[in-house]
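Single-structure report; data block below.
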Amino acid sequence: MISYRNVTKIYPDQSVALRNVSFDVKKGEFVSVVGKSGAGKTTLLKLLLAEERPTEGEVLFDEILVHQLHPSQLPELRRNIGMVFQDYKLLNSKTAYENVAYVMEVMGLEEDTIVRDVGEVLEIVGLGERAHHYPFQLSGGEKQRVAIARALIHRPSCIVADEPTGNLDPYHTRDIIRLLQKINELGTTVILATHNKEIVNRIGRRVLTLVEGQLVRDEEHGKFIVV
Amino acid sequence: MLISFKRILRSGFEKFSHDRSSTGAALVVMTVVLFAISSLAILQGMSAFLVERLQEGVDVSAYFRDSVSEEEIFKVRQQLLDLEEVKEVEYISKEEALRRFIETYRDKDAILAPLDALGRNPMLAHLNLKARNPAEYAQIADFLAGEAFASAIASIDFHDRAPVIERLFLITSGIRAGVVAISIALSAVAVLVAFNTIRLTIYNSKEEIEIMRLVGASSWFIRGPFLVQGALVGVAASALALLLLFVLSLVVRAQFQSFTEFDIFSFLISQFFTLLLLCLAVGIGLGVFSSAIAARRYLRV
């Protein structure tokens, strides 16, 4: 489903974010990408969303070379990938409901479908009561649950979460990880970038370890190993 | 397609009404710009009015000798009317000239007394000419000064006023050129200020635009509401600028009229649709153009 082939990313200031990284992700997998801050985890995910272009190598999503897509084709790619960010990236001028509904609006779905699905998804993430609150009225955990609801509302085939628990306390962290596991059990591929050892060890699924931009370990039932 | 269009419109209206800080800033600047541009249009109208009034005061008068009969004068008049350059010719008989003189100086005995003493009408019958184009007065005067009329015409009044007339043309064409130049310069400054204000308000939405892009919104779905907001700012600013202009014109109407004879309020009424179209075209055009350019910059995610 997803392929990184000999991917190298060097930023204009000559800092090397990724070095010759190659791996595949199959449909329905739960993959944790671990490594210290600056190891290249975020760059790895940005390449998948075509937010960045690789200096060398290629990234494929459903057999499509994402960096050869025309800018007008990027929305289509991004609608197939639900993205969860560490800083939530919610639209501050919209309520929780409107933030989630926005993704369905951009897809041109009917109002009835939006009302039904957004209500359901907000219930699933436990925010039924907070639907009409603005982001500034929500706690960190609630904002992240809105972000997850937004990522899965349009049933993408893959959810990519970049440090989704980075700003959360342990209680909310458990909540969010449980939610991601549940989404994965329903068949959605999940890629989780984190530097939280406890989370990775508890999930006990495939782990990719990045060190200074290089993929040093790829284990089917891996653990977070400090390198 | 239609559903997306409706959502873009709705979102644009929401941005316009909810996003008070950015809408407010753009609205104030745009209103000032449109007010300035409309004022310049009025200034143009006023200068045209004043120039016309000044030009109306310019003429050429040909005074005929006492020996020339009215019939001969009418022949000359017809010859003049046959000239393309001549717009109208007014015949003033000796009697009419005297009547007008007495009427003008009826309260000034010192001027009228010598007339009684003279015991006859010293006025000369004459023709007052108006040219189609003010620049053609000299040509008409030369025509009258020609040998054909030397025996009939005693004097031509144009030569005495020629330098004044020439200077007047220099001044009026200078005023027009100046007003046009100032209009263009001020409009350019105003447009740049409005453009940058709108760009700054969109800069505040930079993060929002990037998020929209990352969750799969198309460029038009993101840009559309900003364009609608820009257009609405243009419409609202046009209404505000014209309202301000009408209120101010009512306040200064009397003073203006007594000073220049220019009725600013009537001028505004007569030019209302032109001004409205000008404001709407500049306002909506500027709003949409600035929004499009500014939003485009942040759509490259």
Side-chain angles (χ1 to χ4, degrees), chain A residues 42 45-46 48-53 69-85 87-95 98-114 134-135 143 146-156 158-160 162, chain B residues 1-26 200-230 232-233 291-301:
Chain A
T42 300
L45 303 187
K46 280 185 171 178
L48 182 61
L49 276 180
E51 244 189 291
E52 296 287 353
R53 298 181 67 83
L69 290 175
H70 187 268
S72 63
Q73 294 172 306
L74 289 180
E76 197 56 44
L77 167 79
R78 289 167 180 170
R79 285 173 203 167
N80 280 311
I81 303 170
M83 183 81 189
V84 182
F85 304 90
D87 57 355
Y88 325 120
K89 290 207 189 297
L90 297 179
L91 299 167
N92 291 323
S93 58
K94 293 186 186 291
T95 63
E98 290 165 344
N99 263 284
V100 180
Y102 186 77
V103 179
M104 299 184 84
E105 286 178 0
V106 304
M107 294 171 79
L109 296 171
E110 293 291 336
E111 210 59 42
D112 295 349
T113 315
I114 295 177
Y134 286 91
K143 281 187 221 177
V146 175
I148 290 175
R150 180 181 62 186
L152 60 91
I153 185 71
H154 52 302
R155 300 181 184 90
C158 174
I159 285 192
V160 175
D162 185 13
Chain B
M1 190 71 180
L2 186 66
I3 209 166
S4 292
F5 184 66
K6 277 186 194 166
R7 280 175 183 151
I8 286 171
L9 281 183
R10 190 188 64 199
S11 186
F13 272 95
E14 279 172 8
K15 279 186 104 42
F16 177 74
S17 55
H18 295 168
D19 199 355
R20 285 181 194 160
S21 58
S22 64
T23 297
L200 278 177
T201 62
I202 291 188
Y203 178 80
N204 292 334
S205 305
K206 177 179 172 248
E207 203 185 334
E208 196 179 340
I209 293 173
E210 283 172 6
I211 295 170
M212 290 170 171
R213 200 83 175 110
L214 288 175
V215 298
S218 66
S219 296
W220 274 108
F221 203 84
I222 299 170
R223 192 186 282 148
F226 286 103
L227 303 191
V228 173
Q229 184 189 20
L232 288 174
V233 166
S291 305
I293 297 284
R296 196 179 148 193
R297 200 174 156 191
Y298 303 116
L299 281 170
R300 292 181 193 146
V301 181

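First the proteins, then the strands, lettered A, B, ... as listed; each starts at 1.
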Are A:Pro75 and B:Arg213 packed together at the side-chain level, in the sense that at least one heavy-atom pair is separated by less than 4.5 angstrom?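 They are in contact (side-chain heavy atoms under 4.5 Å apart), so the answer is yes.
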Is there a side-chain contact between A:Ser93 and B:His18, using heavy atoms and a 4.5 Å cut-off?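 Sidechains of B:His18 and A:Ser93: no contact.
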Under 6.0 Å from the CD atom of B:Glu207, do we count more than 12 heavy atoms belonging to anything else shown?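 At most 12 heavy atoms, drawn from other residues, nucleotides or ligands, come within 6.0 Å of this atom.
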Interface moiety of A:Leu90 toward chain B, non-hydrogen atoms closer than 4.5 Å: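 Contact with chain B: backbone only.
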Using 0.5 Å steps for rounding, measure from the CD atom of A:Glu51 to the CG atom of B:Leu214.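 Atom-to-atom, A:Glu51:CD and B:Leu214:CG are 4.5 Å apart.
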With sequence neighbours excluded, what pairs up with A:Asn92 under the side chain to side chain contact (heavy atoms under 4.5 Å, CB included) test?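 Result, side chain to side chain contact (heavy atoms under 4.5 Å, CB included) vs A:Asn92: A:Pro135.
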Run the side-chain contact (heavy atoms from CB on, under 4.5 Å) test on B:Ile3 and A:Glu110 for me, step by step, so that the C-alpha distance in whole Å, both residues' side-chain angles and the decisive distance to 0.1 Å come before the verdict. CA-CA 8 Å; B:Ile3 209 166; A:Glu110 293 291 336; 3.7 Å; yes
Mark yes or no for whether A:Arg78, through its side chain, and B:Val215, through its backbone, hold a donor-acceptor pair below 3.5 Å.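 Pair absent, no side-chain N/O of A:Arg78 close to backbone of B:Val215.
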Might you point out which heavy atoms bring A:Val106 and B:Ala217 nearest each other, and give the distance in Å?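 Heavy-atom minimum between the residues: CG1-CB, 3.5 Å.
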Carefully, step by step, assess B:Ile211 and A:Phe85 under the rule side-chain contact (heavy atoms from CB on, under 4.5 Å). CA-CA 10 Å; B:Ile211 295 170; A:Phe85 304 90; over 6 Å; no
Show me, pair by pair, the donor-acceptor contacts under 3.5 angstrom made by side chains of residues 6-14 of chain B, not counting sequence neighbours?
from, atom 1, to, atom 2, distance (Å)
B:Arg7, NH1, A:Glu105, O, 3.4
B:Arg7, NH1, A:Leu109, O, 3.0
B:Arg7, NH2, A:Leu109, O, 2.6
B:Arg7, NH2, A:Glu111, OE1, 3.1
B:Arg10, NH2, A:Glu105, OE2, 3.3

